[in-house]
Colleague: 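Please read through the structure below; I'll follow up with questions.
Since the model is a prediction, treat every value here as computed from it, not as a measurement.
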Amino acid sequence: MTNSAKCPFTNLLDPTLIANGVPEKIFAEVREAGPAVKIEDPITGVPYWAVTQKEGIDFVSMHNELFSSALRAATPMEDPQETVDNIMGKMFLNMDPPLNLEYRKLIRDNFLPGTVATYQEKAERVAKEVIDAVIDRGECEFVEDVAAELPLITILEFFNIPTDQRKQFFDWTNDMFFQDDPAFSDADRQGAESRALDASANVFMTFMGLATEWRGRPEKNLCTQLLNGEIRGEPVSDEDFAWIALMLMSAGNESTRTAITHGMRNLMENPEQYRFLQEHPEALDDAVEEMLRKNTSFITMRRTATQDVCAPELGNADIKKGDKVVMFYHASNNDPRLFGEDATQFDLTRPKRQSDFKANVRSFGIGKHNCLGMHLAKLEMKVQLAEILKRMDNPQFSGPVTYIHSYFVQGIRSMPITFTKRGE
């Protein structure tokens, strides 16, 4: 069997592999080889099963009793077990049901579609201010000047943190997520990990301070909501509050920044679709769905097998207890069996012409670990891109698009662009 032979495939967990965007051909080779393919990782020495097809991803995601997020965390990196236990394990992303569901219950009301709809007016005001700041220049560095602003401001305001601190949080989250990228880290891996830990500590201590500030106060906001909550029948501690907030801050702002950036990049590479959206703004909802499919912010998530598993959904691969299993969402989202032979192309008409489009997309995962912030992310994307389309004409790349070296987040470090002010 292909998945039990000596690995003939490229290591998909090599951060340099994504240096110029996801190599679709390499991902396709693994996807075509089977639902679960064993791959060696000479960088870490830890082999893993690459799950690249939707049926396999769904099986792993829906069987939490077989595939744990808690044993080695849900992120695919090989952190020391001490880090997994004392840091990663404190965030509910890295917990298994039912415990992770107790944490999610504390905040889920803030991310329901009806609640998210109430954020739109404020988001539109912020999106306008973001474009106001760059429109007369005719150029900008899109990632930091535009894409990062609305998600950062939104999440900071959730926690009543002054928005003038957003540059600091922008830098901290970069250090936390992109420690493997030489542009954001010291030359050696030990230094990179140290910088990431320092950034995490700074964010964590900021939220510990907020817990002290907001506990017992009568105001109603996300801080007091969390601090008045319970986990396993016990009041939420300052430490619990800080870990929840750290996860929301880091994951919430970075993933949406990435989605907005890739959305703009895809439109600029397909100028006829950019012009179509300017003329048909009602099509922006479908465009956002296609953007999320085409370039998934989180490329991967990890699980660890809790027992020996042999399942048809995974090609009857001989998965052993303790094996590392990595779901590659981007590979599934670009599968021609689901999205047609042109699956690797951006086409904002795809959601309308494929009736099962939304059912097949896995950008936000599925099951008890699906992304809580999906509706907020879509709102922020739509609002910011609508403002761009309304006010910017003929956007052009004015320098190279530089990618983050990461197999976890499909991030773009910088994307300089030029444009003309619409109507001039």
Colleague: Kindly compute the distance separating OG1 (Thr206) from CE (Met208), expressed to the nearest 0.5 Å.
Modeller: 11.5 Å
Colleague: Using side chain to side chain contact (heavy atoms under 4.5 Å, CB included), reason through Leu156 and Met249 one step at a time and then give a plain yes or no.
Modeller: CA-CA 8 Å; Leu156 287 172; Met249 171 62 66; 3.5 Å; yes
Colleague: Does any donor atom in the side chain of Ser68 or Arg303 lie under 3.5 Å from an acceptor atom in the other side chain?
Modeller: no
Colleague: I'd like to know if the side chain of Thr306 reaches the main chain of Glu65, judged simply by a donor and an acceptor atom lying under 3.5 Å from each other, with no hydrogens or angles considered.
Modeller: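 Indeed, once roles are kept as given, a pair shorter than 3.5 Å links the two residues.
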Colleague: Given 3.5 Å as the limit, does a donor-acceptor pair link the side chain of His330 with the main chain of Thr52, or not?
Modeller: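 Answer holds: no.
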Colleague: Given side chains that start at C-beta, do those of Leu106 and Phe241 come closer than 4.5 Å, heavy atoms only?
Modeller: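 The answer is no, as the side chains (C-beta and beyond) never meet within the 4.5 Å cut-off.
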Colleague: Could you check whether any side-chain N or O of Gln307 sits under 3.5 Å from a backbone N or O of Val309, counting only pairs where one atom can act as donor and the other as acceptor?
Modeller: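 Here the side-chain-to-backbone pair does not exist.
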Colleague: Just verifying a value: how many Å separate His375 NE2 and Asn110 CG, rounded to the nearest 0.5 Å?
Modeller: 13.0 Å
Colleague: Where is the tightest heavy-atom contact between Val51 and Gly56, given as atom of each residue plus distance?
Modeller: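 Looking at all heavy atoms of both residues, the shortest contact is CG1-C, 3.4 Å.
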Colleague: I want to check something: taking the side chain as every heavy atom from C-beta on, are Met264 and Met291 in contact at a cut-off of under 4.5 Å?
Modeller: no
Colleague: Is it the case that over 12 heavy atoms from other parts of the model lie below 6.0 angstrom from the CG atom of Asp198?
Modeller: yes
Colleague: Flag the pair Phe158 / Leu376 as yes when at least one side-chain heavy-atom distance between them is below 4.5 Å, and no otherwise.
Modeller: yes
Colleague: Could you walk me through whether Asn253 and Arg166 satisfy the side-chain hydrogen bond (donor to acceptor under 3.5 Å, both in side chains) test, starting with their C-alpha distance in whole Å, then the side-chain angles of each, then the deciding distance to 0.1 Å, before giving a yes or no?
Modeller: CA-CA 10 Å; Asn253 89 79; Arg166 62 188 183 276; over 6 Å; no
Colleague: Apply ring-ring contact (aromatic ring centres under 6.0 Å, His included) to Phe328 and list each qualifying residue two or more places apart in sequence or on a separate chain.
Modeller: Phe27
Colleague: For residues Asn333 and Leu292, report the shortest heavy-atom separation together with the two atoms involved.
Modeller: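 Taking every non-hydrogen atom into account, ND2-O, 4.0 Å.
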Colleague: Taking the basic N atoms (NZ, or NE/NH1/NH2) and the acidic carboxylate oxygens, is any pair closer than 4.0 Å for Lys390 and Glu387?
Modeller: yes
Colleague: What I want to find out is whether Arg275 reaches Glu272 closely enough, with some N-O distance under 4.0 Å, to be called a salt bridge.
Modeller: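 Salt bridge between Arg275 and Glu272, a charged N being under 4.0 Å from a carboxylate O: no.
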Colleague: Measure the shortest side-chain to side-chain distance between Asp286 and Leu348 over non-hydrogen atoms and say whether it is less than 4.5 angstrom.
Modeller: no
Colleague: Check for a donor-acceptor pair, side chain of Ser297 on one end and backbone N or O of Thr258 on the other, with a separation under 3.5 Å.
Modeller: no
Colleague: To the nearest 0.5 Å, tell me how far Thr296 OG1 sits from His262 NE2.
Modeller: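 One gets 9.0 Å once the value is rounded to the nearest 0.5 Å.
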Colleague: Between Phe67 and His63, is the gap from one ring center to the other below 6.0 Å?
Modeller: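 When the ring centroids of Phe67 and His63 are compared, they turn out to be at least 6.0 Å apart.
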Colleague: Taking Gln225 for the side chain and Lys220 for the main chain, is one N or O donor matched with an acceptor at less than 3.5 Å?
Modeller: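 Side chain of Gln225 to backbone of Lys220, a donor-acceptor pair under 3.5 Å: no, none is there.
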Colleague: Between Asn360 and Lys54, is any pair of side-chain heavy atoms under 4.5 Å apart?
Modeller: yes
Colleague: Would you check if the side chain of Gln53 reaches a backbone N or O of Arg31 as a donor-acceptor pair within less than 3.5 Å?
Modeller: yes
Colleague: So, taking the atom named CZ in Arg302 and the one named OG1 in Thr75, what distance separates them when rounded to the nearest 0.5 Å?
Modeller: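 Answer rounded to 0.5 Å: 7.5 Å.
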Colleague: Is there a side-chain contact between Phe142 and Val401 (heavy atoms, below 4.5 Å)?
Modeller: no
Colleague: Give every residue pair that meets the ring-ring contact (aromatic ring centres under 6.0 Å, His included) criterion with at least one member in residues 293-327, sequence neighbours excluded.
Modeller: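 Counting only pairs at least two positions apart or across chains, the ring-ring contact (aromatic ring centres under 6.0 Å, His included) contacts touching residues 293-327 are Phe298-Phe408.
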Colleague: Search all heavy atoms of Asp109 against all heavy atoms of Thr115 and return the closest pair with its distance.
Modeller: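 So the two residues come closest at O-OG1, 2.7 Å.
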Colleague: What pair of heavy atoms forms the shortest contact from Leu12 to Ala50, and how long is it?
Modeller: CD1-CB, 4.4 Å
Colleague: For the residue pair Asn64 and Ser61, what are the closest heavy atoms and their distance?
Modeller: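 For Asn64 and Ser61, the tightest heavy-atom pair comes out as ND2-O, 3.3 Å.
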Colleague: How long is the gap from CG on Asn228 to CZ on Arg215, to the nearest 0.5 Å?
Modeller: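 Separation between the atoms: 8.0 Å.
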Colleague: Can any side-chain N or O of Glu29 pair as donor or acceptor with the backbone N or O of Phe9 at less than 3.5 Å?
Modeller: no
Colleague: Would a distance-only check, ignoring hydrogens and angles, find a side-chain to backbone donor-acceptor pair under 3.5 Å from Asp145 to Cys140?
Modeller: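 No; zero donor-acceptor contacts below 3.5 Å.
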Colleague: Are Phe170 and Arg257 packed together at the side-chain level, in the sense that at least one heavy-atom pair is separated by less than 4.5 angstrom?
Modeller: yes
Colleague: Might you work through the side chain to side chain contact (heavy atoms under 4.5 Å, CB included) test for Glu219 and Trp214, ending with a clear yes or no?
Modeller: CA-CA 9 Å; Glu219 295 94 331; Trp214 285 100; 3.9 Å; yes
Colleague: Using a 3.5 Å cut-off and no angle test, enumerate the donor-acceptor pairs between side-chain atoms of residues 337-346 and protein atoms at least two apart in sequence or in another chain.
Modeller:
{"residue": "Arg337", "atom": "NE", "partner": "Asp335", "partner atom": "OD1", "Å": "3.2"}
{"residue": "Arg337", "atom": "NE", "partner": "Asp335", "partner atom": "OD2", "Å": "3.4"}
{"residue": "Arg337", "atom": "NH2", "partner": "Asp335", "partner atom": "OD2", "Å": "3.1"}
{"residue": "Asp342", "atom": "OD1", "partner": "Arg350", "partner atom": "NH1", "Å": "2.9"}
{"residue": "Asp342", "atom": "OD2", "partner": "Arg353", "partner atom": "NH2", "Å": "3.2"}

Colleague: Indicate yes or no: does Asp58 engage Arg362 in a salt bridge with an N to O separation below 4.0 Å.
Modeller: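 Judged by the 4.0 Å cut-off on N to carboxylate O distance, Asp58 and Arg362 do form a salt bridge.
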Colleague: Partners of Phe397 by ring-ring contact (aromatic ring centres under 6.0 Å, His included), sequence neighbours excluded?
Modeller: none
Colleague: Side chain to side chain donor-acceptor pair (under 3.5 Å) with Asp14: which of Thr16, Asn11, Thr10?
Modeller: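 Going through Thr16, Asn11, Thr10 one by one, the side chain to side chain donor-acceptor pair (under 3.5 Å) with Asp14 is satisfied by Thr16 alone.
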Colleague: Under 3.5 Å, is there a donor-acceptor pair between the side chain of Lys368 and the main chain of Pro98?
Modeller: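 Side chain of Lys368 to backbone of Pro98: no pair is present.
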Colleague: Salt bridge check: are Arg265 and Glu269 linked by an N-O gap of less than 4.0 Å?
Modeller: yes
Colleague: Any chance you could lay out the side chain to side chain contact (heavy atoms under 4.5 Å, CB included) test for Val30 and Ile39, step after step, and finish with the verdict?
Modeller: CA-CA 9 Å; Val30 177; Ile39 297 181; 4.2 Å; yes
Colleague: Between the side chain of Thr224 and the main-chain N/O of Asn221, is any donor-acceptor distance below 3.5 Å?
Modeller: yes
Colleague: List in chain and number order the residues that pass ring-ring contact (aromatic ring centres under 6.0 Å, His included) with Phe204, two or more places apart in sequence or in another chain; answer none if no residue qualifies.
Modeller: Trp243
Colleague: Does the pair Lys122/Glu129 count as a salt bridge with the N-to-O cut at 4.0 Å?
Modeller: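 Salt bridge between Lys122 and Glu129, a charged N being under 4.0 Å from a carboxylate O: no.
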Colleague: Compare every heavy atom of Pro35 with every heavy atom of Gly315, then report the nearest pair and how far apart it is.
Modeller: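 Scanning both residues completely, I find the closest heavy atoms to be N-CG, 3.6 Å.
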Colleague: Can Met415 and Val146 be said to form a side chain to side chain contact (heavy atoms under 4.5 Å, CB included), step by step?
Modeller: CA-CA 10 Å; Met415 191 172 81; Val146 178; over 6 Å; no
Colleague: Any side-chain heavy-atom pair from Ile161 and Leu210 closer than 4.5 angstrom?
Modeller: yes
Colleague: Give a yes or no on whether Lys378 atom NZ has more than 12 heavy-atom contacts from other residues, nucleotides or ligands under 6.0 Å away.
Modeller: yes
Colleague: Using a 6.0 Å cut-off, check whether atom CD of Glu121 has over 12 heavy atoms from anything other than its own residue.
Modeller: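 Not buried by this count: 12 neighbours or fewer within 6.0 Å.
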Colleague: Does Lys321 have any side chain to side chain donor-acceptor pair (under 3.5 Å) partners at least two apart in sequence or in another chain, and if so, which?
Modeller: none
Colleague: Output the distance between atom CG (Leu152) and atom CD (Glu380), rounded to the nearest 0.5 Å.
Modeller: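 With rounding to 0.5 Å, CG (Leu152) is 9.5 Å from CD (Glu380).
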